[in-house]
Structure formats: structure tokens, C-alpha cells
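The block underneath contains the structure these notes are about, expressed in C-alpha cells.
The chain is numbered in sequence order, starting from 1. Keep in mind the model is a prediction, meaning the values are calculated, not measured. Below, all heavy atoms of this structure are taken into account, side chains as well, without hydrogens, waters or symmetry copies.
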Amino acid sequence: MDAVEQAQSGHPGAPLALAPAAYLLWTRHLKHSPRHPDWPDRDRFVLSCGHASMLLYSLLHLSGYDLSLEEIRRFRQWQSLTPGHPERGLTPGVEVTTGPLGQGLGNAVGMAIAERVLANQFNRPDLPLVDHRTWAVVSDGDAMEGVGSEAASLAGHLRLGKLTLVYDDNRITIDGSTALAFSEDVGQRFAAYGWDVLRVEDGNDLTAIDRALSEATSQTTKPTLIIVRTVIADPAPTKRGTAAAHGAPLGAEEVARTKEAMGWPQGQPFTVPAEARDDMTAVERGAARVEAWSRVCAAYRAAYPERVDEYDRRLAGRLPAAWDVHLPRFTPDDGPLATRKASAAVLKAASATLPELLGGSADLSGSTGTSLPEVGTFGPEAVGRNFHWGVREHAMAASLNGIAAHGGLRPYGSTFLVFTDYMRPSMRLAALSELPVIFIGSHDSIGLGEDGPTHQPVEHLAMLRATPNLVVLRPADATETVEAWRQALGHREGPVVLVLTRQKLPVIDRTRYAKAEGLHQGAYVLFDPPEACQAVLIATGSEVHVALEAAERLNQDGIPTRVVSMPSWELYEAQSQAYRDHVLPPAVRARVAIEAGASLGWSRYVTDDGETIGLDRFGASAPGEELFQHFGFTPEHAVATVKRVHGRGSR
């Protein structure tokens with residue numbers, strides 16, 4: 001209450017109502033160690049209703065994490081450790097970034113998946129190196145959001161017995177009662193998903209809450225939903241049970257009256273009675289748990305030293321030595337080959353040397369090239385690394401984030417590029433949280449053909465490139481695809497999107513053109529004319545081949561033209577100015593970019609004097625080659641455009 005009041009901003013209602021359940025969970029059931037927030041075998045706690053962040057910050061502070069009372073006083077202020085919604089990597093003890101409702105639920109599903117996979121890979125009889133649970137607090141809003149429903153359905157199918165949700169059933173939303181738009185029986189829905197559903201009728205009944213938490217802890221065959229009937233902002237005397245308490249300060253008078261009702265000291269704000277602080281601290285309990293786990297680790301190391309080294313490598317996120325020596329090598333004799341097919345070959349090879357690599361597709365594994373039957377399937381009874389997410393793109397992406405946040409595994413997920421629309425919120429949070437998730441989007445342009453504009457991405461590259469800290473890679477052929485995977489697997493600072501073709505492409509002759517390793521700089525000179533270049537063609541993906549053919553004709557016509565392959569804007573922008581000027585010489589203003597997608601953004605590279613051959617309308621249903629002809633993605637059109645741009649410059 002004091003933090004929200006001081007900030008004059010925040011959500012006091014849910015933290016007040018959830019305090020009893022959170023108190024019991026954190027003091028009696030959650031396995032954690034405040035002085036070791038990164039302890040690998042800790043229980044994972046997710047506050048999916050991230051607007052209730054002051055509940056989490058209070059728990060972290062009182063339990064003994066490195067979150068001072070001064071930071072609590074600075075709630076929602078510039079550069080504080082207590083932002084409006086929890087942010088991973090900023091506040092000690094915060095596992096995932098939450099706030100957009102439903103995301104935390106999906107993250108929790110991914111964390112429970114990760115625990116099961118790692119336990120299966122590393123545990124030995126009487127030596128449980130990996131043995132923890134995932135807990136999440138969810139709200140009515142989490143239950144309404146589609147991603148929450150997708151993730152809950154998936155968790156029930158997979159029988160994630162170490163996953164427990166505490167559902168804050170306060171029946172209040174910002175607009176008022178949930179009855180305005182929500183009348184279903186959530187418990188029956190989750191029971192239909194395959195969950196164990198427990199009910200606590202009074203959110204202040206500590207005995208009933210404790211009993212439910214204990215029952216959930218003993219559940220191992222299915223996930224558990226504990227529905228706790230609460231009253232928002234209880235025990236605030238006038239605002240309890242009202243929407244007014246959801247997202248606004250209670251007011252000084254209401255805070256004083258609430259403290260009086262609780263028997264709380266009425267002195268200065270942020271006063272914490274010593275007996276409350278002593279009761280809440282988990283420092284000693286946590287240290288004892290870490291010590292007990294360390295003894296297990298010591299015994300494990302004595303018996304299985306190589307496995308412990310592998311476990312440590314995984315947690316550190318390091319790639320093993322020579323992991324990539326067996327990646328495929330492509331030559332023109334292997335083509336033409338769709339980059340999705342080349343990607344499938346790379347993924348198969350990488351999965352053989354990287355046991356941490358796991359993932360699949362949203363019911364499109366054959367189309368996206370992510371089916372790996374040789375590593376086994378992850379399912380209700382099996383613990384392989386090949387995932388069938390079903391037609392649940394959003395739950396897939398949110399779960400991938402949870403797997404990455406858990407640590408020890410490297411997740412990937414795939415769909416058609418156009419359907420990244422269904423997973424954008426999770427992709428954005430992966431970027432915000434710097435989670436090393438690999439997203440694969442195949443069927444990357446009008447080149448996919450007859451399925452038509454509903455399946456042909458046009459604006460998607462522009463949208464993805466607009467996302468901070470998201471690396472987009474659109475390889476031009478099979479050789480660049482190998483390097484794209486090498487780049488993606490070596491990148492740990494955030495997510496990567498691999499953008500791949502459905503249609504076959506020639507394999508570029510690297511004895512004639514530059515090596516594909518240039519991909520790691522984001523853009524590189526693929527071809528340079530014998531004479532000093534007077535024009536530059538810049539292209540990505542399938543359009544690089546159009547640029548190469550156009551450049552040959554232009555050079556024959558007396559316009560020396562360079563071809564630049566630019567698979568990643570983000571990697572190119574990270575290079576030195578000297579390198580960028582080498583690739584795109586400032587003095588050469590006759591530039592034309594070619595990409596079968598929205599032209600938005602390309603002006604930064606083609607200069608005011610250049611042009612972009614793009615697609616600023618939706619596609620059409622027809623064979624891909626015909627569409628490329630119709631929309632001008634041809635060498636002839638590229639030649640004519642360069643000549644027009646070059647001619648303007650010569651005048």
C-alpha cells in the first residue's frame with residue numbers, strides 16, 4: 001500500500017488479496033534461497049499477473065533477497081529495481097518478465113517442461129540433481145487471454161505434474177465485475193484440460209490454503225490449479241471488492257484505515273514490525289537447502305564427473321568444443337534447395353552434438369523442416385526433444401521463453417512466417433528479456449505461391465526488424481543458412497528469427513562469389529565488379545539471386561555494379577562504421593534494394609537517391625515464379641531500376 005501510495009501509481013488490490021496465499025507459499029512450500037537467487041534447483045515462481053508486482057517485491061524483500069527497502073520506496077521510479085511490472089535480469093529473484101496477461105502462465109509451462117527434460121537427462125538413482133517445482137500466480141485476466149488457454153491445454157495434455165497455478169479468483173477487472181464478459185466455470189475448463197482442480201472458498205483461510213498447497217506438492221501425474229476465492233483489496237474498508245482498487249492508489253485515508261483494521265503500526269510509511277520480518281526471512285532455510293543440494297552434487301560428481309561437467313556447461317550456456325564440425329557443407333551441385341530444407345539438414349546435424357537443443361513446430365514440422373524423430377518425442381509419457389506444440393503458436397512461443405529462462409536448454413520453435421502474428425507478444429518479451437530463443441519462420445514471401453495472400457508474409461520482416469534486441473536472419477541460400485544457424489546458436493543476448501524459403505534456390509558458387517561467413521557481419525560484399533562500382537544492389541534471401549543476375553547484365557552494359565547480401569540489418573548495424581562504409585560506400589549513391597516484402601525501412605540503406613523494389617500490398621494466389629514476375633522481382637526490373645537511379649546521378 002505504501003509503495004503504490006508514494007508512487008501515486010500501481011495496483012494495490014491484488015497484492016492485498018493474495019498476501020495470505022503468497023505468505024504460505026513462500027514460507028512453507030517454495031524451495032528457494034534468497035542469497036542464491038540463481039541456484040539451479042530452486043523452485044520457479046512466476047507472477048503471471050505482473051501488475052501485482054508489489055506483491056512479488058514485498059516477498060523478495062521480506063524473504064531476504066537483495067532488494068532493499070529503499071528500492072521498495074522507489075517503486076515505479078527511474079532506474080529503480082522495482083519497475084511497474086517485473087523484469088527479468090533487473091530485480092534479483094524475478095524469473096521472467098510479466099505484465100501482458102497470460103504470458104507468465106505460458107512461461108511456467110515452459111519451465112515445468114525444462115525441469116522434466118533436465119531431470120530425465122541428468123538424474124540418477126538416489127542422486128536427484130534436478131528436482132524442483134514451478135509455481136505461478138494467475139488472475140482472471142490470465143484465464144481470459146488466449147495464450148493462457150493454449151498453454152493450459154498443452155500442460156494438461158503433457159501431464160506436467162510439477163506445475164501448480166494459484167488462481168486469484170477475485171472476479172474483478174478494470175472495467176468492473178468479470179460478469180461483464182466472463183461467466184464460465186474456470187475449474188471445469190481446467191479439469192477438461194486434464195488438470196487437478198482444488199478450491200479454497202476463502203482467501204483468508206490459511207488452513208485451507210496450506211492444505212491445498214500441500215496437496216498440489218504431492219501431485220505428480222497432472223498439473224494443479226488451486227482456485228482461491230479472494231476479495232480484491234481486502235481488508236481495505238471501503239474499496240475492497242471494487243474495481244477502484246485494481247489499478248490506482250487507495251488514498252492516504254483508506255491506507256490508514258486499512259492499517260488500523262490490520263493492527264499494523266500507524267507510524268511512518270514502510271514500517272515493517274520485527275516479528276513480521278523475522279517470520280518471513282528464508283535466508284537460513286534457503287542456505288540449508290543449497291547446502292543439502294551441494295552434497296548431492298558432490299556425490300554425483302564423484303560418481304559421474306563427466307555428467308556434472310556437462311550440466312555445468314549447459315547452465316553456463318556454453319557450446320561444446322567442435323560442436324559444428326559435422327554441419328553440412330553445400331555446393332552448387334546440391335541445388336537448387338529451399339533454405340527450409342537446408343535448415344532441416346543443419347538442425348539434424350546440430351541436434352546430434354547439442355543435447356540441449358530441443359523444439360518443434362506448431363503442427364507444421366514437415367513444412368518447416370523441424371521434425372527430428374531420432375531425438376524422441378516429448379509427450380505425456382515420453383521425454384524426448386522433439387515437440388509437437390499443436391496449433392498453438394502463442395503457447396509455443398511463451399513456453400519457449402520459459403524453457404530459455406529456466407536454463408540448461410536451448411529451445412527453438414517454428415511456424416510459417418506469416419503466423420508469427422500469433423506469437424508476436426511472446427517474441428517481444430523474449431527480446432525484452434534477452435532470452436536466447438530461436439524462432440523459425442518458413443514460407444517467407446510471395447514465393448510460397450498458391451496458398452495466396454493469407455499465407456504470404458508482406459509486412460512481417462519490417463515488424464520483426466522494428467523490435468529492439470531481436471536479430472532477424474534471412475539467408476540467401478543453403479550456405480548462408482548454415483552460417484545463420486551457426487550465428488543463432490552462438491547468440492546468447494536475445495532471440496533470433498530464421499526466415500526461410502519454401503521455394504528452391506540455387507546454391508551460390510562460393511568459388512566465384514564471397515564466402516557465406518560474411519553473414520556474421522549482417523551484410524557483406526557478395527560480388528564486386530572488376531572496375532570501381534558505380535551502383536550497388538542490396539538484397540536478402542531469395543532476391544539475392546535476382547541481384548546477382550541483374551549485376552551481370554549491368555556490368556555488361558557498362559555500369560559496374562556491386563551486389564551486397566544483407567541477411568541481417570541488426571548484425572550489420574552492430575559493425576564498425578568503417579566496415580559499414582566498406583560494404584556500402586558513402587560515395588556510391590546509386591543503390592537499389594530488392595526484397596519481396598514491405599519497403600518500409602530500406603530508405604536508410606538506399607539513400608535519398610536510391611530506390612527499393614519491394615511489395616507494399618498483399619500478394620495473390622498463383623505459382624510463386626509467376627508472382628515474382630508480376631510484382632517485379634526479376635533481373636530485368638532490377639536492371640531497369642538501377643539504370644534509372646544511375647542515370648539520375650549522372651545528370
Exercise. Arg74 and Thr82: side-chain donor and acceptor closer than 3.5 Å?
Worked result: no
Review point. With a 4.5 Å heavy-atom cut-off, do Trp569 and Arg474 have their side chains touching?
Key: no
Check the pair Arg340 / Gln503 against side-chain contact (heavy atoms from CB on, under 4.5 Å), numbers first and verdict last. CA-CA 9 Å; Arg340 62 172 177 147; Gln503 72 273 26; over 6 Å; no
May I ask you to decide if the ring planes of Phe378 and Phe387 are parallel, tilted or perpendicular, using 30° and 60° as cut-offs? parallel
Is there a side-chain contact (heavy atoms from CB on, under 4.5 Å) between Thr91 and Glu87 once you walk through the steps? CA-CA 7 Å; Thr91 312; Glu87 296 180 28; 5.7 Å; no
In short, Asn401 meets Ala430 closest at the heavy-atom pair OD1-CB, 3.3 Å
Shortest non-hydrogen pair, Leu584 vs Tyr605, comes out as CD1-CD2, 4.1 Å
(Q) Can you tell whether the side chains of Asp334 and Lys341 come within less than 4.0 Å, N to carboxylate O? (A) no
Does this structure show an ion pair linking Arg591 with Asp609, if we count only N-O contacts that are shorter than 4.0 Å? no
Between Gly619 and Ile446 the two heavy atoms that sit nearest each other are CA-CG2, 4.1 Å
Report task. Determine whether the side chains of Ser433 and Thr97 contain a donor N or O and an acceptor N or O closer than 3.5 Å. Result -> yes
Looking only at heavy atoms, the pair that brings Leu537 and Ala550 closest together is CD1-CB, 3.8 Å
Quiz prompt | Expected output: side-chain His85 to main-chain Gly99 donor-acceptor under 3.5 Å | solution = no
Side-chain ion pair, Arg553 and Glu636, N-O less than 4.0 Å
yes
- Message: Are there over 12 heavy-atom neighbours, none belonging to Arg410, within less than 6.0 Å of that residue's CZ?
- Response: yes
Using 30° and 60° as the class limits, which term best fits the ring planes of Tyr422 and Phe419: parallel, tilted or perpendicular? parallel
* Using the side-chain contact (heavy atoms from CB on, under 4.5 Å) rule, take Leu470 and Val497 through it: C-alpha gap first, then chi angles, then the decisive distance, then the call. => CA-CA 7 Å; Leu470 179 64; Val497 184; 3.6 Å; yes
May I ask you to test the Trp485-Ile440 pair for a side-chain heavy-atom distance under 4.5 Å? yes
Review point. More than 12 heavy atoms of other residues, nucleotides or ligands under 6.0 Å from CZ of Phe330: is that the case?
Key: yes
Taken to the nearest 0.5 Å, the spacing of Ser351 OG from Glu356 CD works out to 11.0 Å
Q) Quick check: does any side chain N or O of Asn469 sit under 3.5 Å from a backbone N or O of Leu432, one acting as donor and the other as acceptor? A) no
- Query: More than 12 heavy atoms of other residues, nucleotides or ligands under 6.0 Å from CD of Glu493: is that the case?
  - Reply: yes
Q: Ignoring hydrogens and angles, state whether a donor on the side chain of Trp389 or Ser361 is under 3.5 Å from an acceptor on the partner side chain.
A: no
Taken to the nearest 0.5 Å, the spacing of Ser565 OG from Gln521 CD works out to 12.0 Å
### Query
CD of Gln77: more than 12 outside heavy atoms within 6.0 angstrom?
yes
Q: Go through the side-chain N and O atoms of Ser9 and Arg76 and say whether any donor and acceptor fall under 3.5 Å apart.
A: yes
So CG of Leu500 and CG of Leu505: to nearest 0.5 Å the spacing works out to 10.0 Å
What I want to check is whether the side chains of Thr339 and Thr501 have a donor and an acceptor closer together than 3.5 Å.
yes
Margin query: Any carboxylate oxygen within less than 4.0 angstrom of a Lys/Arg side-chain nitrogen, looking at Arg492 and Glu434?
Written below: no
Tightest non-hydrogen contact, residues Arg428 and Thr467, listed as CA-CG2, 4.4 Å
Flag for Thr98-Ser48: side-chain donor and acceptor within less than 3.5 Å: no
* Asked: Does Glu480 pair with Arg486 as a salt bridge, N-O distance under 4.0 Å?
  -> no
* Asked: Cut-off 3.5 Å, side chains only: do His460 and Asp421 have a donor facing an acceptor?
  -> yes
CG of Leu372 to CG of Leu358, rounded to nearest 0.5 Å, is 10.5 Å
A quick test of your reading: do over 12 heavy atoms of other residues, nucleotides or ligands sit less than 6.0 Å from CG of Leu315?
yes
**Asked** Going by atom types alone, do Gln487 and His520 pair a side-chain donor with an acceptor below 3.5 Å?
**Response** yes
request  = Verify the distance criterion only: is there a donor paired with an acceptor across the side chains of Ser426 and Gln103 at less than 3.5 Å?
outcome  = yes
Can you tell me if Asp581 and Gln577 form a side-chain donor-acceptor pair at under 3.5 Å?
yes
Would you say the side chain of Thr612 lies within less than 4.5 Å of the side chain of Glu595, judging by non-hydrogen atoms?
no
Value for OG (Ser399) from CD1 (Ile113), rounded to nearest 0.5 Å, stands at 5.0 Å
Taking NZ, NE, NH1 and NH2 as the nitrogens, is one of them in Arg385 or Glu374 under 4.0 Å from a carboxylate oxygen of the other? no
Per side chain to side chain contact (heavy atoms under 4.5 Å, CB included), Tyr412 is matched among Leu347, Leu489, Ile403 by Leu347
Do Thr634 and Val639 have side chains that approach each other closer than 4.5 Å (heavy atoms only, starting at C-beta)? no
Review point. Under a 4.0 Å N-O cut-off, is there an ion pair linking Lys643 with Asp557?
Key: yes
Return yes when atom CZ of Arg617 has more than 12 non-hydrogen atoms of other residues, nucleotides or ligands closer than 6.0 Å, and no otherwise.
-> yes
- Query: Can you check whether Arg88's main-chain N or O pairs, donor with acceptor, with Glu95's side chain at less than 3.5 Å?
  - Reply: no
Decide yes or no on ring-ring contact (aromatic ring centres under 6.0 Å, His included) for Tyr572 and Tyr524, but give the supporting numbers first.
CA-CA 9 Å; Tyr572 175 69; Tyr524 64 105; over 10 Å; no
Nearest heavy-atom approach of Pro320 to Leu354 is CD-CD2, 3.4 Å
Output for pair (His582 NE2, Gln575 CD), nearest 0.5 Å, gives 11.5 Å
Report task. Go through Val499 and Val472 one step at a time and tell me if the side-chain contact (heavy atoms from CB on, under 4.5 Å) criterion holds. Result -> CA-CA 7 Å; Val499 180; Val472 181; 3.9 Å; yes
### Query
Where does the angle between the aromatic ring planes of Phe416 and His443 fall among parallel (under 30°), tilted (30 to 60°) and perpendicular (over 60°)?
parallel
